[in-house]
Amino acid sequence: MNNYLFFLEQVGEYVILIPALLGTCLSLTGRQAKLRVVELWGPRLQALIGGIGVIIHELSHLIVAVIFGHHINHVTLLHIPNPRDPSDTGLGVVNHAWNNHNWYQKMGNFFIGIAPLLGCTLVLWAITNWLCPFLLVDLALPTYGSAPVSWWRLLLWLFLTFNISVGGFDLSGADFHNSLMGVGTLIIVILFITLALAITMNPEAFHTQLIATMKTVYLIMAFSLACNLGWIGLLAIVKHCR
């Protein structure tokens, strides 16, 4: 019993609590970046400036929905709002349906809702690996290969990270609501998985392996958060100078 409680505490703290806090910060900073762009240049330009981020956002929903066996009704990866229609504010949508009696599909709602946070973070890490891997080396993040520092790589990296920060990370109310529908089933699955781990693994070995794995996840999410904060600060300066 003590072993099970230890494993449950470890999973709750390192797999759920810390990623949830970082994910919330990512979503909030993404929303702030988007709002600042709208304040400066309007909703139509927001779709253009953050269009790549919006596409990654919707693709993340779509891919995870397919993985969890949901039926896809309709997909719009990028929509340019009509400036003459105040109600036209949506930038993209993935409309999907699921069997409410299927625990796997129901649990999938949680991951579908938060998918853009994971998708944008992975893409941000990938393009940094491609264009500016020295940034990841300095942060002790995993990197593949190396690339020389050049002005075009840096400019392209700045453009892409800005685009993703503005258009990709902000979770809508519908995203949060969708995630909540899968929380109950997810908790039950986590309890069973944790029980299996408590029976089969040594507590110290589990703790060491868990920390080593999750450290990379935390650092990548923190790196994405730093990018978001950097762009929010720059947009604030631009607004102040106008």
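All residue numbers refer to positions in the sequence shown, counting from 1.
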Distance (rounded to the nearest 0.5 Å) between S224 OG and N228 CG: 7.0 Å
From CA spacing to verdict: side-chain contact (heavy atoms from CB on, under 4.5 Å), K34, V37: CA-CA 5 Å; K34 181 188 289 186; V37 166; 5.9 Å; no
Inter-residue atom distance L180.CG - L186.CG, 0.5 Å rounding: 11.5 Å
Within residues 16-36 or reaching into it, pairs that qualify as ring pair (Phe, Tyr, Trp, His ring centres under 6.0 Å) - sequence neighbours excluded: none
Note, F223 side chain near T128 side chain (heavy atom, < 4.5 Å): yes
Rounded distance [0.5 Å steps], OG in S165 versus CG in L234: 11.0 Å
Spatial distance of atom CG (L122) from atom CG (N129) [nearest 0.5 Å]: 11.0 Å
side-chain contact (heavy atoms from CB on, under 4.5 Å) assessment of V238 paired with R36: CA-CA 10 Å; V238 171; R36 290 180 187 276; over 6 Å; no
Student check: side-chain heavy atoms of V94 and I112 closer than 4.5 Å: no
Smallest separation among heavy atoms of G113 and S179, with atom names: CA-OG, 3.2 Å
Nearest heavy-atom neighbours spanning T194 and I190: OG1-O, 2.7 Å
Q105 side-chain N/O to N99 backbone N/O, donor-acceptor pair under 3.5 Å: yes
R153 side-chain N/O to W130 backbone N/O, donor-acceptor pair under 3.5 Å: yes
Linked, directly or transitively: L40 and I237 (ILVMFWY side chains, under 4.5 Å): no
From OG1 (T29) to CD (Q32), nearest 0.5 Å: 8.5 Å
Contact summary for P19 and E13, nearest pair of heavy atoms: CD-O, 4.5 Å
Backbone N/O of L160 and side chain of N163: donor-acceptor pair under 3.5 Å: no
Approximate separation, where rounding is to 0.5 Å, of N109 CG and N178 CG: 4.5 Å
Heavy-atom pair with the smallest gap, counting every atom of A115 and V64: CB-CG2, 3.6 Å
Minimum-distance pair of heavy atoms, taken over all atoms of M221 and G23: CE-N, 3.5 Å
Hphob cluster co-occupancy, Y218 + I114, side-chain heavy atoms under 4.5 angstrom: yes
Pairs where residues 155-196 contributes a residue and the test ring pair (Phe, Tyr, Trp, His ring centres under 6.0 Å) is met, not counting sequence neighbours: F162-W231
Donor on one side chain, acceptor on other, D170 and H57, under 3.5 Å: no
Joint hydrophobic cluster, V15 plus F110, side-chain heavy atoms closer than 4.5 Å: yes
Contact check, side chains of I164 and I127, non-hydrogen atoms, under 4.5 Å: yes
Residues forming a side chain to side chain contact (heavy atoms under 4.5 Å, CB included) with L59, sequence neighbours excluded: I55, L62, L77
hydrophobic_cluster_shared for V93 and L117, side chain cutoff 4.5 Å: no
Any donor-acceptor pair under 3.5 Å from S27 side chain to L171 backbone: yes
Joint hydrophobic cluster, F111 plus I16, side-chain heavy atoms closer than 4.5 Å: yes
Nearest non-hydrogen partners of H207 and Y14, listed with the distance: CE1-OH, 3.9 Å
Contact check, side chains of F7 and L195, non-hydrogen atoms, under 4.5 Å: no
Backbone of A20 reached by a side-chain donor or acceptor of T24 within 3.5 Å: yes
Partner residues of W98 under the ring pair (Phe, Tyr, Trp, His ring centres under 6.0 Å) criterion, sequence neighbours left out: H70, H96
Residues in side chain to side chain contact (heavy atoms under 4.5 Å, CB included) contact with I67, at least two apart in sequence or another chain: I63, Y104
Heavy atoms of other groups near Q209 CD, more than 12 under 6.0 Å: no
Side chains of L191 and Y4 in contact at under 4.5 Å (non-hydrogen atoms): yes
Other cluster members, I232 - Ile/Leu/Val/Met/Phe/Trp/Tyr, side-chain contacts below 4.5 Å: none
